[in-house]
Chemist: 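Structure below; questions to follow.
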Amino acid sequence: MNIIIPIKQVPETSNVKMDKETGTMIREGVVSVINPLDLYAIEAGIQLKEQFGGKVTVFTMGPQAATKALKEAIAMGCDEGILISDRKFAGADTWATSYTLSEAIKHIGEYDLVIAGERATDGDTGQVGPGIAAWLDIPLATYVSKIDEVTKDSITVERLVEDGYQILQMPLPALLTVIKEISNPRLPTLRGKKKARVSEVPVMSAEDLKLEESYIGLKGSPTKVVKIGYPKVTRGGKIVKAAGDEGVNEAVEGLIKFLEAKELI
Amino acid sequence: MSYIWTIAEQSKGKLRDVSFELLSRGRKLADKMDTKLCSVLLGNNVTDETLQELIYRGADEVYYIEDARLENFIVETYSKVLSDLIKEYHPHSILAAATSSGRTLMPHVAIHVKTGLTADCTELDIEEGTNNLLQTRPAIGGNIMATIKTPDHRPQMATVRPKSSRPLPLDKSRVGKIIRVALKDELVDSRVKMVGFRKDVEEFVNIEEAEVVVSGGKGMKKQENFVLLRDLAKHFDGVLGASRDAVDRGWLPYPHQVGLSGKTVSPKLYICAGISGSIQHLAGIKTSEYIVAINQDPDANIFQLADFGIVGNLFEVIPKLNARLEAYKKEAK
Ligand SMILES: Cc1cc2nc3c(=O)[nH]c(=O)nc-3n(C[C@H](O)[C@H](O)[C@H](O)COP(=O)(O)OP(=O)(O)OC[C@H]3O[C@@H](n4cnc5c(N)ncnc54)[C@H](O)[C@@H]3O)c2cc1C
Ligand SMILES: Nc1ncnc2c1ncn2[C@@H]1O[C@H](COP(=O)(O)O)[C@@H](O)[C@H]1O
């Protein structure tokens, strides 16, 4: 079973601190990591390979530095990494990104399954996975929490929706976007790290992929960002102490008043 | 035709609330542009009476495509049907819900009709002069707000989170047109089949569409203690949420998880106890209207985002709060 996994490198948010004065995020010194939600896709892919054989290829569209993310994925157990990189890709929105990624997938070759993350934690749209499936015209299942069955030419998955889990069966090749429930990502092993260090990561440009220039980068993006604002994240609400019986009663009373004033009770 | 469209959602022939929330957003835009507001629904066995409610809640026209093969959401077919409709009617803008189906359908359609799509918009407006849709959305865990335009492509498409706007009141004096559109056979994609549905979790909740969410974190200490929060939630007809730590400990199943790797919620009221307010948790609650936090650590990050915070032991505060709410209900009667 050949599996292709598009991953994205994003700024790491776990160590991000808030500036208490301005209430904004301090982004200095923030390092880049594999989009944490893509780790579930990588783990799911590796498990399928372990079960059915085949190969897992990870790839990303990003700057040269994104090679690091690909090497991390190889250290976890993926077989190959490919970097899609070109100045012309800069400013791509989800439309242009999914076009570029779908062409890269065609270029990588024969595959049974594409597994994407549910969404990337920076752009936070979750649109690229479905977009790739639309470009490739292959069946799509989003929010996949479990793979029930895989046969030579079909897959059955569970998909988390508002009121339960849909069970969907579709022919291969197909594209899945997966959620945290699907897997528990492993850590890279020493052997994996060694392998990652020596593995070559080929780089492909727009020209290599023979992309339609008017479909890529900022120029190929229907959406344009016209304004960026930094909202204060602090709300400056009322904070009361509840110490001792008396204190607890007062705090509860205060909360009741608050709920009344806001018509919440 | 420069109409504003909303994508209504149904489940087993009944409209989901988010259909009406989208109409209240759409109504404002349509009025500003002095154009019509239309609601599109794909489904099966939806009665005229049900369709009429879309008009009472703000629509001028309803396009309804009925077929047994549209009963369940299958993205390929829904996408082809909607794309075909768009190519025929050329709407100005389309609003859909940021639900499991809306978030799947819209990016698929955006590729087919070659246009832009903006996810999870919190504000929508029409730009004077150009009639461009101004779409404002949070990104990077809510730490920035970006305003996005789709200047050269039509339609302009956006998704908005459930519960982020209120439905308009039912106005039975409103009149509108219901247009039944026949399903073209060639648009049905039969590759994907729904072979089952699982709902084995005893209290399966949809925290994204709840008005009130009551969440617990590691500070709840053990699973049994969630009964405190369950009681609290009952006073508000609310549902239970949890931090990742609580979910990872198995105290509540994953569909309850709030935050970066769980769900983003936008309830009217978010109450949390024993949650520190990590940046990943906050990312999922920023669009809540009111936030109430109970934590014993005065420096807990959660208090930065709280509209009302109680610094105290949750095991002392919540039982008293529950008793007080119980008494309050009796007084009100
Ligand atoms: C990639 C990534 C994704 C993540 N995604 C998510 C996500 O989606 N959702 C999420 O929630 N987290 C997420 N996390 C984890 C996050 O970083 C935190 O670890 C987690 O939110 C902490 O959960 P908590 O607040 O329940 O626990 P803690 O941080 O341990 O906080 C417990 C709090 O309870 C308080 N407390 C203890 N006892 C009492 C008492 N008796 N009365 C009152 N207060 C008490 C303590 O003061 C403390 O503040 C993610 C992390 C990463 C790296
Ligand atoms: N630049 C990229 N390179 C490779 N994969 C990507 C890229 N951007 C997004 N993806 C994939 O698409 C998923 C959804 O991303 P997004 O739509 O940006 O939230 C991610 O989890 C990745 O699997």
Side-chain angles (χ1 to χ4, degrees), chain A residues 13 16 25 36-37 93-95 98 121-127 130-131 134-135 139-140 142-143 156 158 160-171 180-181 222-231 233-235 237-243 248-249 251-252 255-256 258 262 264-265, chain B residues 75-76 79 99-100 103-104 107-108 110-112 115-119 139-151 153 191-199 204 206 209 254-255 260-261 268-269 279-280 290-292 303-312 316-317 320-321 324 328:
Chain A
T13 52
V16 170
M25 187 170 85
L37 307 190
D93 73 355
T94 58
W95 195 94
S98 48
T121 58
D122 55 351
D124 201 11
T125 74
Q127 292 175 178
W135 278 111
L140 161 70
T142 50
Y143 305 99
T156 308
E158 299 196 4
L160 179 63
V161 298
E162 280 71 14
D163 48 2
Y165 295 86
Q166 269 189 341
I167 302 171
L168 299 176
Q169 189 180 59
M170 62 197 70
K180 184 187 160 205
E181 263 185 314
T223 62
K224 311 281 180 218
V225 176
V226 291
K227 205 174 86 195
I228 294 273
Y230 296 87
V233 271
T234 43
R235 292 193 177 196
K238 191 175 157 103
I239 311 294
V240 299
K241 279 215 163 65
V248 172
N249 284 335
V252 167
L255 177 55
I256 296 282
F258 170 85
K262 305 296 181 199
L264 296 163
I265 45 174
Chain B
V75 59
E76 290 77 15
S79 171
T99 50
S100 65
R103 281 168 157 278
T104 308
H108 211 273
I111 302 305
H112 287 307
T115 193
L117 168 63
T118 307
I140 320 196
N143 292 294
I144 68 167
M145 294 301 284
T147 303
I148 292 164
K149 270 200 297 207
T150 313
H153 298 70
R191 290 177 296 182
V192 181
K193 291 193 179 59
M194 184 167 133
V195 293
F197 196 86
R198 189 161 69 83
K199 194 177 181 161
F204 203 96
N206 178 9
E209 289 179 17
Y254 173 72
L260 189 75
S261 51
K268 218 168 143 60
L269 174 63
I279 199 149
Q280 295 89 3
Y290 295 107
I291 296 176
V292 171
F303 288 127
Q304 297 219 23
L305 216 61
D307 296 288
F308 195 96
I310 298 181
V311 180
E316 292 170 13
V317 175
K320 280 224 165 104
L321 178 59
R324 184 66 185 84
Y328 185 89

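Values reported hereafter were calculated over all heavy atoms of this structure, with side chains retained and with hydrogens, waters and symmetry mates removed. By convention in this document, chain letters (A, B, ...) are assigned in the order of the sequence lines, proteins followed by strands, and residues within each chain are numbered from 1. Only a predicted model underlies this, so the values are computations on that prediction, with no experimental measurement involved.
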Chemist: Let me know if A:L264 has heavy atoms under 4.5 Å from chain B in its side chain, its backbone, both or neither.
Modeler: both
Chemist: Quick check: closest heavy atoms across B:K320 and A:V248, and the distance to 0.1 Å?
Modeler: CD-CG1, 3.8 Å
Chemist: Heavy-atom pairs under 4.5 Å with chain B are the metric here; pick the option from A:M170, A:K241, A:K224 that has the most.
Modeler: A:K224
Chemist: Step by step, would you call B:F308 with A:K262 a side-chain contact (heavy atoms from CB on, under 4.5 Å)?
Modeler: CA-CA 11 Å; B:F308 195 96; A:K262 305 296 181 199; over 6 Å; no
Chemist: Using heavy-atom distances under 4.5 Å, tell me whether B:H112 contacts chain A through its side chain, its backbone, both, or neither.
Modeler: side chain
Chemist: Identify the two heavy atoms, one from A:A242 and one from B:I310, that lie closest to each other, and give their separation to 0.1 Å.
Modeler: CB-CG2, 3.7 Å
Chemist: Under 4.5 Å, counting heavy-atom pairs only, tell me which of A:T94, A:V240, A:V161 racks up the most with chain B.
Modeler: A:V240
Chemist: Considering only heavy atoms, which portion of B:V75 lies under 4.5 Å from any heavy atom of chain A: side chain, backbone, both, or neither?
Modeler: side chain
Chemist: Indicate the atoms forming the closest heavy-atom contact of A:V226 with B:K149, along with that distance.
Modeler: CG1-CE, 3.4 Å
Chemist: For the interface with chain B, which of A:L160, A:L37, A:I265 has the highest count of heavy-atom pairs at distances below 4.5 Å?
Modeler: A:I265
Chemist: Using a cut-off of under 4.5 Å on heavy-atom pairs, state which of A:E162, A:Q127, A:K227 scores highest against chain B.
Modeler: A:E162
Chemist: Could you pull out the closest heavy-atom pair between A:P222 and A:W95, with the gap in Å?
Modeler: CD-CB, 3.6 Å
Chemist: Please identify, among A:V225, A:L255, A:I256, the residue contributing the most non-hydrogen atom pairs under 4.5 Å to chain B.
Modeler: A:L255
Chemist: Does B:D307 reach the main-chain N or O of A:G237 with its side chain, forming a donor-acceptor pair under 3.5 Å?
Modeler: no
Chemist: Taking every non-hydrogen pair under 4.5 Å, which of A:G126, A:G123, A:S98, A:A243 racks up the most with chain B?
Modeler: A:G123
Chemist: Select, from B:K193, B:R324, B:R191, the one with the greatest count of heavy-atom pairs under 4.5 Å involving chain A.
Modeler: B:R191
Chemist: Side chain, backbone, both or neither: which part of B:V195 has a heavy atom under 4.5 Å from chain A?
Modeler: both
Chemist: Which atom pair, heavy atoms only, marks the closest approach of B:E209 to B:T99?
Modeler: OE2-CG2, 3.6 Å
Chemist: With a 4.5 Å cut-off on heavy-atom pairs, point out which of B:G312, B:A119, B:S79 contacts chain A the most.
Modeler: B:A119
Chemist: Heavy-atom distance under 4.5 Å to chain A: side chain of B:E316, backbone, both or neither?
Modeler: both
Chemist: Does A:I167 form a side-chain contact (heavy atoms from CB on, under 4.5 Å) with A:T156? I'd like the steps, not just the answer.
Modeler: CA-CA 7 Å; A:I167 302 171; A:T156 308; 3.8 Å; yes
Chemist: List the atom of B:P107, the atom of B:L117, and the distance in Å for their closest heavy-atom pair.
Modeler: N-CD2, 3.3 Å
